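Below is one structure, written out as structure tokens, with a few remarks after it.
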Amino acid sequence: MSAHEKVAILMVDDRLENLMALEAVLDSKHYLLVSAKSGEEALKKVLQYDFAVILLDVQMPGLNGFETAEIIKQRKSSCHIPIIFITALSKANEHVSTGYLTGAIDYIFKPFNPIILRSKVEAFVQIFRKQQEIEEKNSQLEKQSAELQEKQNNLENIVIEKTKELLKANEELKVSHERFQKIFQLSPNLMAIRSLADQRYVDVNQSWIQFSGYHFEELAALTNDVLAIHSDTREQNVTGTSPKDLQVGIYNKEITYVTKQGARREGLLSTETATINGEPCIISTITDITELVDLEKEVSRLDRLNLVGEMAAGIAHEIRNPMTTVLGFLQLAKNQSHHPQPEEYINLMIDELHRANGIITEFLTLAKDKANNRKKKDLNEIVKTLHPLLRAEALMNNKVVLLELTECPLLYLDEKEIRQLILNIGLNGLEAMEANGTLTLKTYISNENVILEIADTGPGIKKEVLENIGTPFFTTKDEGTGLGLAICYSIASRHCANIDVKTSEKGTSFIISFQQTSIETPQVTNRLS
């Protein structure tokens, strides 16, 4: 209860002048003085207020003071209120005893001393205030006790939950540890755990022992690179470098390692750090690919043999025809040795020999290790040089050749080979088109690459033909050798360029992408016809 709140005091007397006298004596800003003129009215006031003290007149009409006090004390809500009887009746012992028996705390006889009355009332007010403070403290204590109990319950619940979580985590850790052990021990890959502090081997799995030929007991005191792991032959002579399987952040790096018996094997190395029993370690995994590498080498060798066989068969097929013609005429000339051969026969044999020589020359052009003379060249100038030749060929068949050239940086090119590439693709495009068709040669920069695009307006390339395009000796022409586009792909490969083909019913585009290191801002496009 705040010290500034007023304390309620009930004054009960059937005479108005007595009530006024009491109010005059007790007038204070700290008191709330409530008056009642009868016992019945006093009982109603008691239900409305919580009084610190009741000043009750004994002699009143209706319910007298004793009866009123008795009823007040019988009520649970008001039995604690102290009652001071104010009376002018006899001071006899039996009369006073009756008052105390009905619940009176004290007696004041009229005429009363104002100082004594105020002192007694103030004493009960202070007691009331103390009781209110005690009740507030008790209420606060009960509230705090409830809060503490709630916190204790919450704490117990938290402890229970945390205990469950720890038990679950321990169980999961146990399962995880068992799973790791099974994966570690049963993995077909070579797995080793090494300490980062002293580089010793903490553990190795069965595959590591099987492939390496070492036993774990042999590794207990070793800290060096037992397997002599390296990814480059030059590393074998380098000293002072940390072992590969102790380097962090390696993923599927191709390495070779040496077994105890001295055998050299191939593998893919990956490493990952981990803390094991509080010690920083590194887990290395080697996927042995020795058999796979050997198999790939064998497959590559067989592919080369198969390619040589296919190309030999193609060359034999293409050269056999002119050779058969020459052989036939030579046999005829032998049987008719006394008669000179007609000049047309001799010219025919010479043409067939030239044809065979041309096939051999084109075949040699496919060689990947063919010497070239690459210099810094302007791709646009090479295209412009060939434009008159292509345009003349186009005019003979009522077709058009257009140039759309954008300024591009210089490239390292073999001019002779690039000319052959442009002519082969350009002439194929002219042959594919009907009259009034248009062949367009473009140059531009895309994604930091210099692009040469040769586009025609022909009927497009069929899917089954597109799948075999660039294959040596594959041709759809009656008199073609099938080496033209194959040579183009070979030239592009030697120039580190890519050829992409886009085709539809509206035409076909061959897009050749050349890599370059510097890019200049494209200038205005030139358009020639």
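The structure displayed is predicted, hence computed values, not measured ones.
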Is [X] reaching over with its side chain to a backbone N or O of [Y], donor-acceptor style, under 3.5 angstrom?
{"X": "H495", "Y": "I491", "value": "yes"}
{"X": "S139", "Y": "E135", "value": "no"}
{"X": "S493", "Y": "Y489", "value": "no"}
{"X": "T259", "Y": "A263", "value": "yes"}
{"X": "R194", "Y": "I282", "value": "no"}
{"X": "T503", "Y": "I461", "value": "yes"}

[X] bridged to [Y] by N-O distance under 4.0 Å:
{"X": "R265", "Y": "E291", "value": "yes"}
{"X": "E165", "Y": "K162", "value": "yes"}
{"X": "K151", "Y": "E156", "value": "no"}
{"X": "R200", "Y": "D198", "value": "yes"}

Any donor-acceptor pair under 3.5 Å linking the side-chain atoms of [Y] with those of [X]?
{"X": "Q247", "Y": "T271", "answer": "no"}
{"X": "E142", "Y": "N138", "answer": "no"}
{"X": "D288", "Y": "N189", "answer": "no"}

Check your understanding: Are any of the side-chain heavy atoms of L186 and S207 separated by less than 4.5 Å?
Key ->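 Counting from C-beta outward, L186 and S207 never come under 4.5 Å.
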**Study point:** Side chain proximity check, K442 to T440, heavy atoms < 4.5 angstrom
**Key:**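 Yes, at least one pair of side-chain atoms sits under 4.5 Å.
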In chain order, what residues pass the side chain to side chain donor-acceptor pair (under 3.5 Å) check against [X], with sequence neighbours excluded?
{"X": "N277", "value": "none"}
{"X": "T443", "value": "N380"}
{"X": "S513", "value": "none"}

Pairwise distance [atom1]([X]) to [atom2]([Y]) - rounded to 0.5 angstrom:
{"X": "D414", "Y": "K375", "atom1": "CG", "atom2": "NZ", "answer": "9.5 Å"}
{"X": "E415", "Y": "D378", "atom1": "CD", "atom2": "CG", "answer": "10.0 Å"}
{"X": "M433", "Y": "D456", "atom1": "CE", "atom2": "CG", "answer": "5.5 Å"}
{"X": "L452", "Y": "I382", "atom1": "CG", "atom2": "CD1", "answer": "9.5 Å"}
{"X": "I425", "Y": "I454", "atom1": "CD1", "atom2": "CD1", "answer": "4.5 Å"}
{"X": "R494", "Y": "C496", "atom1": "CZ", "atom2": "SG", "answer": "11.5 Å"}

Point to revise | Candidate pair Q149 and N153, rule side-chain hydrogen bond (donor to acceptor under 3.5 Å, both in side chains), full reasoning | key: CA-CA 6 Å; Q149 184 63 40; N153 294 337; 3.2 Å; yes
Practice item. Take T285 and L190 through the test side chain to side chain contact (heavy atoms under 4.5 Å, CB included) and record every step on the way to the result. Key: CA-CA 6 Å; T285 303; L190 291 77; over 6 Å; no
Review point. Around E272, counting heavy atoms of other residues, nucleotides and ligands shown, do more than 12 lie under 6.0 Å from its CD?
Key: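 Check fails, neighbour count at 12 or below.
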Check your understanding: More than 12 foreign heavy atoms under 6.0 Å from CD of Q185: is that the case here?
Key ->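 Result for CD/Q185: enclosed.
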For the student: nearest non-hydrogen atoms of [X] and [Y], plus distance:
{"X": "A432", "Y": "P459", "answer": "O-CD, 3.2 Å"}
{"X": "V204", "Y": "A192", "answer": "CG1-CB, 3.7 Å"}
{"X": "A394", "Y": "V400", "answer": "CB-N, 4.2 Å"}

Point to revise | Check: Y257 ring centroid to W208 ring centroid under 6.0 Å | key: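 No; W208 has its ring centre 6.0 Å or more from that of Y257.
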Exercise for review: Output, in order, the C-alpha distance, side-chain angles, deciding distance and verdict of side chain to side chain contact (heavy atoms under 4.5 Å, CB included) for E254 and E266.
Suggested key: CA-CA 7 Å; E254 293 186 10; E266 307 285 338; over 6 Å; no
Check your understanding: Going through the distances and angles, do I512 and I451 end up as a side chain to side chain contact (heavy atoms under 4.5 Å, CB included)?
Key -> CA-CA 6 Å; I512 303 97; I451 308 298; over 6 Å; no
Exercise for review: Dump the intermediate steps for side chain to side chain contact (heavy atoms under 4.5 Å, CB included) on L423 and L390, then the final yes or no.
Suggested key: CA-CA 8 Å; L423 281 176; L390 291 172; 4.0 Å; yes
Exercise for review: List the steps, then state whether salt bridge (charged side-chain N to carboxylate O under 4.0 Å, His left out) holds for E133 with K137.
Suggested key: CA-CA 6 Å; E133 290 178 4; K137 293 290 184 182; over 6 Å; no
**Study point:** Six-ring centre of Y412, R374 cation under 6.0 angstrom, axis tolerance 45°
**Key:**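 Not satisfied by the 6.0 Å and 45° rule.
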